[in-house]
Amino acid sequence: GESEWKKDLTNEINIGIRDSGYSRVVLDCEDEHMAFVVTLEEEFEGVVYTRGSFHSRRGPCFLDASGGKQFALKFGYKDCGTKYNEVEGAHVNTVVVQHDDDLIFPGDLAFDLKCHDTFKVNTTMSSIKSSISMVDPDPSSKSSSKDEVVAKSSSSVVTLTPKRLTPPKNEEL
């Protein structure tokens, strides 16, 4: 219930991965670029950036928010430190949603974005074209991504929503 959820938040001191604070994240894998759109639960005045682009403080890799709840980054596969993972046949980047303009704190979010290049994909992965997974916003962290907070799609657009917004299985009609 609601009260348990609030209690959990106060006990969390390490930064780590917390599946909350956002209502949805959408990744759109186009031919030449990826577009990331995050919708947050509360007004946001922090920064949104691709990992490694924080100090440049320049678009398209960095966005300084001044209120509002929805933010987008759109960048080419050769920009913003996007890497190509040969094994997975995917363009990969990480976007960080940071509430303070300068420091990472608990409650910040980070998402691994993958746009699979279907021509090079091996048979086991051919059904996945786009995926978002939640990762630790702290770049020095050793904790790997939380596998349960991941969304994959066979189309070029994928949407991730927090698990707690999904009703339990037994409530389905």
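The basis for the numbers below is simple: all heavy atoms, side chains too, and nothing from hydrogens, waters or symmetry mates.
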Member of Leu113, Val95, Val38 meeting the side chain to side chain contact (heavy atoms under 4.5 Å, CB included) criterion with Leu73: Val95
Qualifying residue for side chain to side chain contact (heavy atoms under 4.5 Å, CB included) with Met134, from Val25, Asp112, Val150, Leu109: Leu109
Atom pair CZ/OH of Arg57 and Tyr49 - distance to nearest 0.5 Å: 9.0 Å
Non-hydrogen side-chain atoms of Ser156 and Asp28 separated by less than 4.5 Å: yes
Pairwise side-chain contact, His91 with Met34, heavy-atom cut-off 4.5 Å (strictly under): yes
Chi angles and distances behind the side-chain contact (heavy atoms from CB on, under 4.5 Å) call for Asp108, Val97: CA-CA 6 Å; Asp108 291 345; Val97 178; over 6 Å; no
Between Ser66 and Glu45: side-chain donor-acceptor atoms closer than 3.5 Å: no
Steps toward side-chain contact (heavy atoms from CB on, under 4.5 Å) verdict (Lys114, Glu88): CA-CA 9 Å; Lys114 289 183 185 171; Glu88 296 189 59; 3.1 Å; yes
From CA spacing to verdict: side-chain contact (heavy atoms from CB on, under 4.5 Å), Ser23, Thr161: CA-CA 6 Å; Ser23 46; Thr161 52; over 6 Å; no
Approximate separation, where rounding is to 0.5 Å, of Lys129 NZ and Cys29 SG: 7.0 Å
Phe62 vs Val47 side-chain heavy atoms within contact, under 4.5 Å: yes
Short side-chain to backbone donor-acceptor contact, Asn93 and Cys80, under 3.5 Å: yes
Within-4.5 Å side-chain heavy-atom neighbours: Thr39 and Phe71: no
Check: Glu32 main-chain N/O paired with Glu30 side-chain donor or acceptor under 3.5 Å: no
Lys69 bridged to Glu42 by N-O distance under 4.0 Å: no
Sidechain-backbone polar pair: Ser130 side chain, Ser155 backbone, donor-acceptor under 3.5 Å: yes
OG1-CG distance between Thr159 and Leu27, expressed to the nearest 0.5 angstrom: 9.0 Å
Between Tyr22 and Glu41: side-chain donor-acceptor atoms closer than 3.5 Å: no
Aromatic plane relationship, Phe111 with Phe36 - under 30° parallel, 30 to 60° tilted, over 60° perpendicular: tilted
Distance-only side-chain donor-acceptor flag, Ser53 / Ser56, under 3.5 Å: no
Whether Arg51 side chain and Pro137 backbone form a donor-acceptor pair below 3.5 Å: yes
Donor-acceptor under 3.5 Å (His33 side chain, Tyr77 main chain): no
Residue pair Arg24, Leu160: steps toward the side-chain contact (heavy atoms from CB on, under 4.5 Å) verdict: CA-CA 6 Å; Arg24 63 188 304 180; Leu160 175 68; over 6 Å; no
